There are 2 protein chains.
Amino acid sequence: MTLVTIKQASEATGVSPKMIRHYESIGLIAAPTRTENGYRYYGPDDINSLCFIRRARDLGFPFEDIRQLLALLRDKRRSSAEVKQIALRHVAELEAKAAQLATMSEALKRLTTVCPGNSSPNCPILDALAPSQQGKLWCNS
Amino acid sequence: MTLVTIKQASEATGVSPKMIRHYESIGLIAAPTRTENGYRYYGPDDINSLCFIRRARDLGFPFEDIRQLLALLRDKRRSSAEVKQIALRHVAELEAKAAQLATMSEALKRLTTVCPGNSSPNCPILDALAPSQQGKLWCNS
DNA sequence: ATCAACCCTTCCATCATGGCAAGGTCAAGG
DNA sequence: CCTTGACCTTGCCATGATGGAAGGGTTGAT
């Protein structure tokens, strides 16, 4: 039995010891065996689970998705359609977020191109942010 | 003096009452005048500041940036270069985040195209997430 | 007088992660 | 044997921006 400490598990999987304990506390991974002194010791299956989780995190999956993906991984009677559904939903979320960032980034970038960026106080960026109608007490856009 | 309640200020600016109080608590806006009963009442300048903040938030600026932008807005001796610098740095951050999301999204999207999505348990998505070398206790990628 | 709508403060939750503190354990070297 | 450093444990606090809920006070209209 190749049992390793939490530090070694961390180095083997790229998941910090802190996060390994956290995953355990939220039930994402099973509690590992402990020795008399209370130290956690991880076996190959635990290491595999942690690798799986880290790769899923690298793809931006939230914990809830990972929980489901782990269940599907262990369920030999799964259908690949279930996995694909989770993945496609996540792709859509990633793309939505990316589109949101792109919208912001493009709007701001356009403002920066018309800002002289010199010692003058006149700045189209601030003009765009400050309410233009001075008499109004409301703010439409 | 057109003084309005926090609810009215919220409706005028699109910032929730909760957030208006929060901005005050972190010093992003000045504490407004209060009546004897302790109610906050906001004037035109406050409304303008809140509009400014909301627009900056719509562009994804974090509070720290907004704090600096508000200071520059009030500083008539500012240089537009200072504003532009903040904006360009933020554009870079937005683009970096968007690129990160795009990387994830593309990798996952490619996996979904090779996943059959039927009733078979075979799934390239899970294969990509699960460690492939079964004997190893480490996880390179 | 009552009732809805509003106001106040304070605490808790998100999501994933890091940090710090206080205390226990273990292995190597003097 | 004792010290030292590296490791382990638990628990609390913080992030950033926002929402929610609890619990209590005020106002205004019916």
Side-chain angles (χ1 to χ4, degrees), chain A residues 3-29 31-42 46 49-50 52-70 89-90 93-94 96-97 100-101 104, chain B residues 3-29 31-42 46 49-50 52-70 89-90 93-94 96-97 100-101 104:
Chain A
L3 292 179
V4 299
T5 67
I6 198 170
K7 181 87 182 306
Q8 291 167 321
S10 163
E11 284 161 0
T13 63
V15 180
S16 71
K18 193 88 186 197
M19 280 291 104
I20 296 178
R21 295 193 193 99
H22 185 55
Y23 294 166
E24 178 186 338
S25 82
I26 64 175
L28 199 56
I29 58 174
T33 58
R34 301 241 191 170
T35 48
E36 297 169 359
N37 49 30
Y39 287 20
R40 294 169 177 85
Y41 279 90
Y42 295 90
D46 300 317
S49 290
L50 288 172
F52 184 97
I53 292 171
R54 190 183 55 73
R55 289 182 181 154
R57 292 284 316 129
D58 288 347
L59 289 174
F61 281 106
F63 285 171
E64 269 321 297
D65 285 358
I66 297 178
R67 199 185 300 271
Q68 296 177 44
L69 290 172
L70 276 170
R89 189 170 38 73
H90 183 53
E93 278 167 11
L94 289 172
K97 274 188 203 168
Q100 207 178 4
L101 291 178
M104 292 176 182
Chain B
L3 292 179
V4 299
T5 67
I6 197 170
K7 182 88 181 307
Q8 291 167 320
S10 163
E11 285 161 0
T13 62
V15 181
S16 70
K18 193 83 184 199
M19 278 293 103
I20 295 178
R21 294 192 194 99
H22 184 56
Y23 294 166
E24 179 186 337
S25 82
I26 65 174
L28 199 54
I29 59 174
T33 60
R34 302 243 191 169
T35 48
E36 297 169 358
N37 49 29
Y39 287 18
R40 294 169 176 86
Y41 279 90
Y42 296 90
D46 299 318
S49 290
L50 288 171
F52 184 97
I53 292 171
R54 189 185 54 74
R55 289 182 182 155
R57 292 284 317 131
D58 288 347
L59 289 174
F61 280 106
F63 286 170
E64 269 321 298
D65 285 359
I66 298 178
R67 199 186 300 272
Q68 295 176 45
L69 290 173
L70 277 170
R89 188 171 38 72
H90 183 52
E93 278 166 13
L94 288 172
K97 276 188 201 165
Q100 208 178 2
L101 290 178
M104 292 176 182

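Note on naming: letters A, B, ... go to the chains in the order of the sequence lines (proteins, then strands), and numbering restarts at 1 for each one. Since this is a predicted model, take the numbers as computed values, not measurements.
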Completion exercise
Taking C:dA16, C:dT9, D:dT18 as options, the one with an atom nearest any side-chain atom of A:R57 is C:dA16
Exercise for the section: Using a strict cut-off of less than 4.0 Å between a Lys/Arg side-chain nitrogen and an Asp/Glu carboxylate oxygen, indicate whether A:K97 and A:E93 qualify as a salt bridge. Expected result: no
Problem - Polar side-chain atom of A:R40 near backbone of A:P32 as donor-acceptor pair, under 3.5 Å - result: no
Practice task
Can you label the angle between the A:Y23 ring and the A:F63 ring as parallel, tilted or perpendicular, going by 30° and 60°?
Solution key: perpendicular
Exercise for the section: Keeping the roles fixed (side chain from A:Q8, backbone from A:T5), state whether a donor-acceptor pair exists under 3.5 Å. Expected result: yes
Fill in the blank from the handout: Residues in residues 59-69 of chain A with a heavy atom under 4.0 Å of DNA chain D, by number, are none
Problem - Note, B:M104 side chain near A:D58 side chain (heavy atom, < 4.5 Å) - result: no
Exercise for the section: Look at the side chain of A:H90 and the backbone N and O of A:D65, then say whether any donor-acceptor pair between them is shorter than 3.5 Å. Expected result: no
Handout entry: Any A:R34 side-chain N or O less than 4.0 Å from OP1/OP2 of D:dT10
Key = yes
Exercise for the section: Give the rounded distance in Å between these two atoms: CD1 of B:I20 and P of D:dG19. Expected result: 11 Å
Completion exercise
Pairing string of DNA chain D (Watson-Crick or G-U wobble, both atom distances under 3.5 Å; | = paired to other strand) is ||||||||||||||||||||||||||||||
Exercise for the section: Rounded off to whole Å, could you give me the CZ-to-C1' distance for the B:R40 and C:dC6 pair? Expected result: 13 Å
Practice task
Describe the nucleic acid contact of A:Y23 in one word from base, sugar-phosphate, nothing, applying a heavy-atom distance below 4.0 Å.
Solution key: sugar-phosphate
Practice task
Return the value, rounded to whole Å, for the distance between atom CD1 of A:I53 and atom C1' of C:dT17.
Solution key: 15 Å
Fill in the blank from the handout: Against the side chain of A:I6, the closest entry in C:dC6, C:dG24, D:dT9 is D:dT9
Handout entry: Heavy-atom side-chain proximity of B:I20 to B:D46 below 4.5 angstrom
Key = no
Fill in the blank from the handout: Ranking C:dC7, C:dA16, D:dG19 by distance to the side chain of A:M19, first place goes to C:dA16
Exercise for the section: Give a yes or no on whether a salt bridge exists between B:R21 and B:E24, defined as a side-chain N under 4.0 angstrom from a carboxylate O. Expected result: no
Problem - side-chain N/O A:T5 vs D:dC7 OP1/OP2, d < 4.0 Å - result: no
Problem - Exercise: identify the closest heavy-atom pair between B:I6 and B:P17 - result: CD1-O, 3.7 Å
Handout entry: N or O in side chain of A:N37 less than 4.0 angstrom from C:dG24 OP1/OP2
Key = no
Handout entry: Nucleotide C:dC7, atom C1' - distance to CD of B:E24 in whole Å
Key = 13 Å
Exercise for the section: Return the value, rounded to whole Å, for the distance between atom OH of A:Y41 and atom C1' of D:dT9. Expected result: 12 Å
Problem - Flag side-chain contact, heavy atom, 4.5 Å: B:I53 against B:T13 - result: no
Exercise for the section: Under 4.0 Å between any heavy atoms, over every strand shown, what does A:R21 touch: base, sugar-phosphate, or nothing? Just pick one. Expected result: base
Exercise for the section: Could you state the atom-to-atom distance from NZ of A:K97 to C1' of D:dG16 in whole Å? Expected result: 14 Å
Fill in the blank from the handout: Checking C:dT17, C:dC8, D:dC8 against the side chain of A:H22 (C-beta onward), the nearest is C:dT17
Handout entry: Nearest-Å distance for atom pair OH/P, residues B:Y39 and C:dC7
Key = 8 Å
Practice task
Using atom NZ of B:K7 as one end and atom P of C:dC8 as the other, report the distance to the nearest whole Å.
Solution key: 12 Å
